[in-house]
There are 2 protein chains.
Amino acid sequence: MHSKRNFSAKREAIYETLSSTNIHPSAEWVYEKLKTELPGLSLGTVYRNLSVFKEMGLAKSIGVINGQERFDAVMTPHPHFICRKCYRIMDVPKGYNIIERSVYGNVERECDATIEMHSITFYGLCRSCSEEEP
Amino acid sequence: MHSKRNFSAKREAIYETLSSTNIHPSAEWVYEKLKTELPGLSLGTVYRNLSVFKEMGLAKSIGVINGQERFDAVMTPHPHFICRKCYRIMDVPKGYNIIERSVYGNVERECDATIEMHSITFYGLCRSCSEEEP
DNA sequence: AATATAAATAGTAATTGTTACTGATTTGAT
DNA sequence: ATCAAATCAGTAACAATTACTATTTATATT
């Protein structure tokens, strides 16, 4: 739709890689994925561009999972499931992101703060990890 | 109640410091707080004991916030509010931790996984940070 | 109480993910 | 084609955390 964004070739490739996977990759993963196709790519460039995307509102951080920051180009708010064993991150449909009306106001009063957003994360074991549990 | 736990003096002090604050401290904060009272305390000891508490089920991680892991000794599941500017973490009453019955089952089906827990986090600006916004 | 055994610690070094810097390259506008 | 601004590679710096080792402290046994 809006594919011409005046991105440099590398920036475009990084965005393309990020947005066409659902694994919520780390910078390292994006770098590994691209470096065969773009031999002259630097890991620093991946980090820098992921920051750029965050500032532009084209990507967000899922948080630091097992020591690495994980990213998502899907900007529609939705929960995630994180496997406590393999750290796989899966999307949960946005329909499950609902916090009951009235909660925002109540939490704002409880915390004396302005709430701008919320996030819901489910934790447990993915299928393949639970099959190999003790 | 269960104050005699056969903890070493330092382990006890670290647990006491962690459990008697509601700021959800980092290892560094616990260390700074204790080092006047326990001049021979090592930062590594704080890290190690926080890990021990996690393994023992006496503490849990709130996640890595602004580059530092933050801890909580309150084990009853409850949401948190995190200020996006000062990274203050506040407790939200556990009554707001409710995920509608049926959601766990649905998410398990959607993700092909076993859900063990969930976490809800609210983000925004705390009072003092919103007063100094541009 | 003395001694053996295990656990915990200080202090330091090593590791890891990430960020900052610098000089070279690429890009976009003229 | 030219030039200023943006982007980049490569490396160094950084910060949080973990690992390691020698020493100390606690616990158990006699």
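Note that these values count all heavy atoms, side chains included, but never hydrogens, waters or copies made by symmetry. The sequence lines fix the lettering, A, B, ..., with proteins before strands; numbering per chain opens at 1.
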Whether B/Phe122 and A/His118 hold their rings parallel, tilted or perpendicular, with breakpoints at 30° and 60°: tilted
Residue pair A/Asp91 / A/Asp72, side-chain heavy-atom distance below 4.5 Å: yes
Where chain B begins and ends its contact with DNA chain C, read 5' to 3' at 4.0 Å from heavy atoms: C/dA8 to C/dG11
Bending between helix ends of the helix from C/dA1-D/dT30 to C/dT30-D/dA1 [5 pairs per end, 10° resolution]: 30°
B/Ile65 CD1 - D/dT17 C1' separation (whole Å): 16 Å
Annotated protein contacts, base or backbone, on nucleotides 1-12 of chain D with a non-hydrogen cut-off under 4.0 Å, one of B, S, - each: ------SBBB--
Verdict with reasoning, A/Phe7 to A/Leu58, per side-chain contact (heavy atoms from CB on, under 4.5 Å): CA-CA 13 Å; A/Phe7 280 3; A/Leu58 288 176; 3.7 Å; yes
Residue pairs passing the salt bridge (charged side-chain N to carboxylate O under 4.0 Å, His left out) test where at least one lies in residues 43-55 of chain B, sequence neighbours excluded: B/Lys54-B/Glu69
Over all atoms of both residues, closest heavy-atom pair of B/Tyr31 and B/Leu43: CE1-N, 3.5 Å
A/Cys126 vs A/Cys86 side-chain heavy atoms within contact, under 4.5 Å: yes
Parallel, tilted or perpendicular: rings of B/Phe53 and B/Tyr15 (30°, 60°): perpendicular
Within-4.5 Å side-chain heavy-atom neighbours: A/Val30 and A/Thr21: no
Close side-chain approach of A/Thr76 to A/Asn97, heavy-atom, < 4.5 Å: no
Inter-residue atom distance A/Thr17.OG1 - A/Lys10.NZ, 0.5 Å rounding: 13.0 Å
Listed partners of A/Tyr123 passing side-chain contact (heavy atoms from CB on, under 4.5 Å), at least two apart: A/Ile82, A/Thr121, B/Met117, B/Ser119
Interatomic distance where OH belongs to B/Tyr47 and C1' belongs to D/dC20 [whole Å]: 17 Å
Side-chain touch B/Tyr96/A/Glu110, heavy atoms, less than 4.5 angstrom: yes
Side-chain touch A/Ile99/A/Ile120, heavy atoms, less than 4.5 angstrom: yes
Contacting residues from residues 24-37 of chain B, given that a heavy atom lies under 4.0 angstrom of DNA chain C: none
